[in-house]
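Taking it in order: structure first as structure tokens, then the write-up.
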Amino acid sequence: MAGGRGFPRHSESRYSRPTITTGQATGMLDPFGRKVTYLRVSVTDRCDLRCVYCMAEEMRFLPKADLLSLEELERLCAAFVGLGVRKIRLTGGEPLVRRGLMTLIGNLGALVRAGDLDELTLTTNATQLARHAEGLAEAGVRRINVSLDSLDPERFRAITRRGDLGKVVEGIEAARDAGLAVKINAVALKGLNDDEIERLVEWCGQGGYDLTFIETMPMGDIDGDRTAHYMPLTEVRARIERRFTLTDSDHRTGGPARYADVAETGRRVGFITPMTHNFCESCNRVRITCTGTLYMCLGRDDAADLRAPLRSGLGDQALREAILSAIARKPKGHDFIIDRTHDRPAVARHMSVTGG
Ligand code: SAM
Ligand code: SF4
């Protein structure tokens, strides 16, 4: 096995003991003194949906041969944990369409149980969640994010270009019943779901889910004009405040969302505002793609190839050095702009490549 490190499958451990050795965590500081503790891993660029703000209808996905194997993804995650990462989010594309993903989740979950990792979590469209919810909870996942932009079946199908709302809701309920805390993520889309903002707040309150709104980011070509549906979250918040009482909260989940408590529902509503309020000063995260490319910033093109050191046969020291030299280049921030004079994507790659 690459690097000489073995990874017993979770069927051997049945989630009872760590299967990955991470070494002594050393900590990673970027040039601006920010500690990198959060790794997002896109396990596949493929997806069973084609959300209009995320993908084009016809997408050319990566050849399967280019993807890191699950063992390689594990080894990469272990290297990051060894360097001080405390939270891992698996994303995509749609993570649950990657075959064998539950094995990876089982093995990474062992790191949580061993205390080497504070949290293992997932962002999913929930189309396959109903059959995986129990397994996720059993593996040590405690919270998941589910993307849901509309509660109207027709509209949901239109936004996702093919999705079945019933299946998604079934998945969300299965996750809740399995004991997972579910946070709903909704992209605010003017003219597409802005009249559902209050309903989403209410529905999440009734179901016991927190809710986060996201501004659309200019990433990748999508067969359409993002500026037409761009909606600043200042408008979303103003709309919510006409019906609900919001009190700003100190609650943080390690990500960029800023939260407020909703008095009427007893839940929280969060706002992720990469466009109207850039959150780079507190950025603690980096992202790897399913081919092992490390992006130090979601909104920048600079990247480091980790697949070569991973496959070099030189062992984990070479991999650690490649990671550290990339972290030393982490930029101060992005400068996303979305308006009529900037209607090209700020970065060519889609969110599904880097992982949202
Ligand atoms: N397929 C999974 C899902 O939809 O939850 C995980 C990957 S998806 C790329 C992660 C998140 O990115 C989703 O919440 C999605 O709404 C969001 N997203 C995708 N493209 C975006 C864009 N251009 N701007 C803002 N958010 C975007
Ligand atoms: Fe797929 Fe998620 Fe992108 Fe929608 S947002 S197309 S579900 S990757």
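Remember, it's 1-based here, ligands and their atoms both numbered in the order they're listed. All values below were derived from every heavy atom in this structure, side-chain atoms included, with hydrogens, water molecules and symmetry-related copies excluded.
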Taking non-hydrogen atoms only, is C54 closer than 4.0 angstrom to ligand 2 via side chain, backbone, both or neither?
side chain
Please tell me if the side chains of R307 and L68 come closer than 4.5 Å, counting only heavy atoms from C-beta onward.
yes
N125 heavy atoms, cut-off 4.0 Å: which ligand 1 atoms fall inside?
2 (C), 3 (C), 5 (O)
Write out all pairs satisfying salt bridge (Lys or Arg N to Asp or Glu O under 4.0 Å) with one or both partners inside residues 117-128, taking only residues at least two apart or from two chains.
R86-D118, K87-E119, E119-R143
Donor + acceptor pair across side chains of E202, Q206 (<3.5 Å):
no
Run through R176, R268, R267 and flag the one making a side-chain hydrogen bond (donor to acceptor under 3.5 Å, both in side chains) with Y209.
R176
C54 neighbourhood, listing ligand 1 atoms whose heavy-atom distance to it stays under 4.0 Å
19 (C), 20 (N)
Is there at least one pair of N or O atoms, one from D149 and one from ligand 1, spaced under 3.5 Å apart?
no
Is there a side-chain contact between V41 and L73 (heavy atoms, below 4.5 Å)?
yes
Can you tell which of G163, S147, G93 gets a heavy atom nearest to atom 6 (C) of ligand 1?
G93
Here the atoms of ligand 1 under 4.0 Å from any heavy atom belonging to M217 are 22 (C), 23 (N), 24 (N), 25 (C)
Using 2.8 Å as the threshold, say whether any N, O or S atom from C47 sits that close to atom 1 (Fe) of ligand 2.
yes
Between T273 and E215: side-chain donor-acceptor atoms closer than 3.5 Å
no
Those atoms of ligand 2 less than 4.0 Å from some heavy atom in C51
4 (Fe), 5 (S), 6 (S), 7 (S)
Counting from 1 in the order shown, the ligand 1 atoms closer than 4.0 Å to a non-hydrogen atom of G92 are 7 (C), 9 (C)
Determine whether any heavy atom of M55 lies closer than 4.0 Å to an atom of ligand 1.
no
Going by distance alone, is a donor N or O of one side chain under 3.5 Å from an acceptor N or O of the other, for T124 and E94?
yes
What I want to know is whether T123 and ligand 1 share at least one N or O pair that is separated by under 3.5 angstrom.
no
Ligand 1-proximal atoms of T124, by part, heavy-atom distance under 4.0 Å
backbone
Is the number of heavy atoms from other residues, nucleotides or ligands within 6.0 Å of CD (E173) greater than 12?
yes
Going by the order shown, which atoms of ligand 1 are within less than 4.0 Å of some heavy atom of T91?
6 (C), 7 (C)
Taking only residues two or more places apart in sequence or in another chain, which ones pass ring pair (Phe, Tyr, Trp, His ring centres under 6.0 Å) with F156?
none
